[in-house]
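To keep things clear, I will list the structure first and then write my remarks on it.
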Amino acid sequence: MPDRKRLVLSSDHAAIPLRQTIAAHAAAKGWEVVDIGPTTAESTHYPDHGAAAARRVASGDCALGIILCGTGQGIMMAANKVRGIRCGVCTDTFSARMIRQHNDANMLSLGARVVGEGLALDIVDAFLGAEFEGGRHATRVDMITALEG
Ligand code: RB5
């Protein structure tokens, strides 16, 4: 992971309040938060926001990313289409820790209509607090990357 604790956040209209809560929470924990919106509740398209956040991570501008939509699923699918992105949806803290430790996930996706605020913040802490373990897991992550062609 790059040295800079720079974190990009984005969502669709279904997750704006939770995204803003996560932004404040991560900033309080020392992350430099790059919240790329949107800021209005107007209906929008999650693939645009997932891709925009993913490009910030893939380019190296941000070390990690957190994206949200209603379920977390659609925006995760979009982010994973960007080369170099490994994004998982999490509804529990164990998975959030493991996708960093074993899968070297560089993005986390959350469903604002699935998890409450308290659990979402615990999931965020588990994700941001974990490190990739490398070793045998690096071999497998390299195999994922190889699938990108
Ligand atoms: C928007 O209504 C909803 O479809 C979106 O937020 C997300 O849940 C899609 O995966």
Side-chain angles (χ1 to χ4, degrees), residues 1-2 5-29 31-132 137 140-149:
M1 188 171 76
K5 286 182 68 172
R6 193 165 153 91
L7 174 72
V8 62
L9 295 185
S10 191
S11 75
D12 73 357
H13 56 279
I16 291 171
L18 182 56
R19 191 193 78 231
Q20 291 172 336
T21 298
I22 291 171
H25 180 78
K29 298 249 170 175
W31 285 82
E32 180 187 351
V33 174
V34 181
D35 186 346
I36 60 172
T39 53
T40 68
E42 192 180 331
S43 183
T44 183
H45 303 302
Y46 59 79
D48 287 339
H49 305 294
R55 290 187 185 113
R56 295 287 189 123
V57 175
S59 70
D61 177 47
C62 294
L64 295 173
I66 298 177
I67 50 178
L68 307 92
C69 64
T71 60
Q73 301 291 352
I75 200 164
M76 174 274 290
M77 293 177 196
N80 276 321
K81 294 294 183 187
V82 175
R83 182 176 291 269
I85 294 304
R86 290 176 300 280
C87 180
V89 178
C90 291
T91 57
D92 66 278
T93 57
F94 177 77
S95 298
R97 190 170 76 250
M98 294 304 284
I99 64 169
R100 286 288 302 126
Q101 291 181 344
H102 285 195
N103 312 119
D104 199 18
N106 46 19
M107 297 188 76
L108 167 70
S109 186
L110 294 167
R113 294 172 180 163
V114 180
V115 293
E117 181 181 301
L119 177 56
L121 295 180
D122 281 355
I123 291 169
V124 165
D125 287 345
F127 178 75
L128 296 180
E131 292 288 341
F132 181 48
H137 304 298
R140 296 160 185 166
V141 171
D142 287 347
M143 291 170 70
I144 296 173
T145 303
L147 294 172
E148 292 178 341

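Remember, it's 1-based here, ligands and their atoms both numbered in the order they're listed. Because the structure is predicted, anything quoted here is derived from the model rather than measured.
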Checklist entry - Which residue pairs satisfy the side chain to side chain donor-acceptor pair (under 3.5 Å) criterion with at least one member in residues 50-68, sequence neighbours excluded? => result Arg6-Asp61, Arg56-Asp61

When you pair each N or O of ligand 1 with protein N or O atoms, which pairs come out under 3.5 Å?
from     : atom 1 : to     : atom 2 : distance (Å)
ligand 1 : 2 (O)  : Arg113 : NH1    : 3.3
ligand 1 : 6 (O)  : Asp12  : OD2    : 2.6
ligand 1 : 6 (O)  : Gly70  : N      : 2.7
ligand 1 : 8 (O)  : Gly70  : N      : 3.2
ligand 1 : 8 (O)  : Thr71  : N      : 3.0
ligand 1 : 8 (O)  : Thr71  : OG1    : 3.3
ligand 1 : 10 (O) : Thr71  : OG1    : 3.3
ligand 1 : 10 (O) : Gly74  : N      : 3.0

Checklist entry - Does any N or O in the side chain of Arg100 come within less than 3.5 Å of the main-chain N or O of Ala105, such that one atom is a donor and the other an acceptor? => result yes

Item to check | Under 3.5 Å: donor-acceptor pair, side chain of Thr145, backbone of Val141 | outcome: yes

Item to check | Among Val115, Asp92, Thr93, side-chain contact (heavy atoms from CB on, under 4.5 Å) partner for Asp122 | outcome: Thr93

Item to check | Whether over 12 other heavy atoms sit under 6.0 Å from His137 NE2 | outcome: yes

Next on the checklist: Is it the case that over 12 heavy atoms from other parts of the model lie below 6.0 angstrom from the CD atom of Glu42?
Outcome noted: no

